[in-house]
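Here the structure comes first, spelled out in structure tokens, and everything after it is commentary.
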Amino acid sequence: MNKSLSGRTPWLICTAAAALAAAALRRWQLSSAFEASGLAAPGAQASVILLCVLLITGAWFILLAMYQPLAKRPMAPGQAHRWDLVFLDAGDPVYPALAVLAAFLALAALPVLLPVGLTQWKLYQAAIAAEVQPPSNNGMLTIATAAGALLSALGLLQMGRDGLRPGKRGRGGFSAALPGVAGCIWLMESFRAHAANPVRWDYAPQLLAIVCGMMFYMDFAGMSAGAARPRRLLWLAAMTAVLSALSMVSAVSELSALSAAGASIRCAQLGDLLLLLSQTLAAAGVLWRLPPNLENPPKPRNIPGAHPGRAQEIQEEPTHE
């Protein structure tokens with residue numbers, strides 16, 4: 001247990017500290033680095049410091065990843081690396097709990113984004129029927145993002161379920177790919193929603209958070225698809241958490257402005273906030289589960305009712321690099 005704590009402690013502490021610092025700087029930037037017209041103030045101190053902190057954070061996580069201890073490679077020739085077994089351990093409920101909670105947050109975005117998209121679609125159709133200039137947004141990408149939130153929730157639920165099934169081959173690769181695919185749709189919708197105002201680039205952190213989250217899920221999928229990059233996965237998980245915390249400040253700020261104006265907060269910004277929280281928890285689960293397993297790969301337990309020879313074969317398969 002002490003080895004597990006020592007393995008994950010640097011990642012968890014550094015990620016939490018960087019996320020809090022980035023969120024505080026983002027709040028400062030939003031309050032001081034933009035003019036009333038929305039134009040960015042040239043050379044704003046908050047913007048410069050925030051950029052420096054992000055660059056230093058990325059470099060620090062690279063160093064942590066480079067010096068992350070890994071178990072030695074097996075000497076026997078022909079033995080396959082079983083990276084898909086790394087996240088299977090019923091004795092550690094934290095990772096599956098985080099994955100399931102992330103799934104419910106993604107699922108909660110569905111009833112938020114779907115009505116918004118349907119309303120946009122109805123307004124678009126009404127404008128066409130009235131033969132007036134239709135709005136630039138027909139709502140289809142918002143509806144697709146809502147469908148992607150459902151896919152993301154299903155994939156995260158399967159990831160959490162696999163984390164409670166020791167000794168049995170999971171479907172982690174396919175499951176983690178679903179949130180990654182959903183992120184592609186979310187990225188297109190986020191860019192469409194913000195690119196209409198080209199003079200204010202304060203939405204760039206959200207785009208970076210979504211892109212980093214997509215790469216994180218795809219690298220997670222690679223853990224059980226023969227393309228494992230465990231150190232890069234750790235870096236992506238940490239940066240996903242930091243960039244998501246940065247973007248959540250923007251989402252909360254926009255929701256606060258809507259609430260102060262008396263508008264409904266059941267909008268796309270709330271859906272973005274839920275999805276950002278979801279990928280943050282998924283990244284936290286990987287930071288909790290992966291580092292100690294790279295140092296001391298877990299041995300899957302025998303499957304009840306399985307053939308003894310087959311269970312022993314699975315147990316003896318190496319899970320380390």
Side-chain angles (χ1 to χ4, degrees), residues 1-9 11-13 15-16 19 82-110 149-183 213-214 216-225 228 230 233-234 236-238 240-241 244 274-306 311 314-315 317 319-320:
M1 184 64 181
N2 291 333
K3 290 183 178 180
S4 297
L5 288 175
S6 64
R8 62 174 62 104
T9 296
W11 286 101
L12 293 174
I13 291 179
T15 303
R82 291 305 314 280
W83 289 106
D84 57 332
L85 298 181
V86 167
F87 291 94
L88 304 182
D89 183 11
D92 179 17
V94 177
Y95 161 72
L98 289 172
V100 170
L101 184 55
F104 280 108
L105 285 170
L107 189 61
L110 175 62
L150 177 60
L151 287 178
S152 181
L154 293 176
L156 289 165
L157 278 175
Q158 182 62 44
M159 289 162 60
R161 182 170 179 262
D162 286 345
L164 293 173
R165 301 171 68 188
K168 189 170 183 180
R169 300 167 188 261
R171 300 178 181 176
F174 176 75
S175 303
L178 290 178
V181 172
M214 288 166 49
F216 157 68
Y217 283 122
M218 291 307 179
D219 259 30
F220 190 105
M223 291 291 287
S224 57
L233 177 59
L234 283 172
L236 286 170
T240 295
S244 296
L274 292 170
L275 292 175
L276 288 167
L277 280 169
S278 175
Q279 70 178 24
T280 299
L281 290 180
V286 169
L287 292 175
W288 175 273
R289 188 74 182 90
L290 186 56
N293 284 346
L294 296 181
E295 299 181 51
N296 303 285
K299 292 183 179 180
R301 307 169 189 176
N302 292 339
I303 308 172
I314 295 177
Q315 184 167 353
E317 284 181 329
T319 61
H320 53 275

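Owing to the predicted nature of the structure, the values given are computational and were not obtained by experimental measurement.
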Please name the pair of heavy atoms, one in [X] and one in [Y], separated by the smallest distance, quoted to 0.1 Å.
X    : Y    : answer
A282 : Y217 : CB-OH, 3.5 Å
P96  : G160 : CB-O, 3.3 Å
A106 : A149 : O-CB, 3.4 Å
A221 : A177 : CB-N, 4.0 Å
S244 : Q279 : OG-NE2, 2.8 Å
Y95  : G285 : CD1-O, 3.6 Å

key: Whether T280 side chain and L276 backbone form a donor-acceptor pair below 3.5 Å   = yes
Main-chain N/O of W288 paired to R8 side chain as donor or acceptor, under 3.5 Å = yes
Residues in side chain to side chain contact (heavy atoms under 4.5 Å, CB included) contact with L281, at least two apart in sequence or another chain = L98, L101, A102, L105
For V181, side chain to side chain contact (heavy atoms under 4.5 Å, CB included) partners two or more places apart = M218
query = Just how far is it from atom CZ of R289 to atom CG of L294, taken to the nearest 0.5 Å?
reply = 10.0 Å
ask   = How far does CG of L287 sit from OG1 of T9, to the nearest 0.5 angstrom?
value = 12.0 Å
request  = Only counting residues at least two apart or in another chain, list the ones meeting side-chain hydrogen bond (donor to acceptor under 3.5 Å, both in side chains) with T240.
outcome  = none
key: Within-4.5 Å side-chain heavy-atom neighbours: S152 and L275   = no
message = Could you tell me if the side chain of L156 sits less than 4.5 Å from the side chain of V100, heavy atoms only?
response = no
request  = Not counting sequence neighbours, which residues clear ring-ring contact (aromatic ring centres under 6.0 Å, His included) with F216? List them please.
outcome  = none
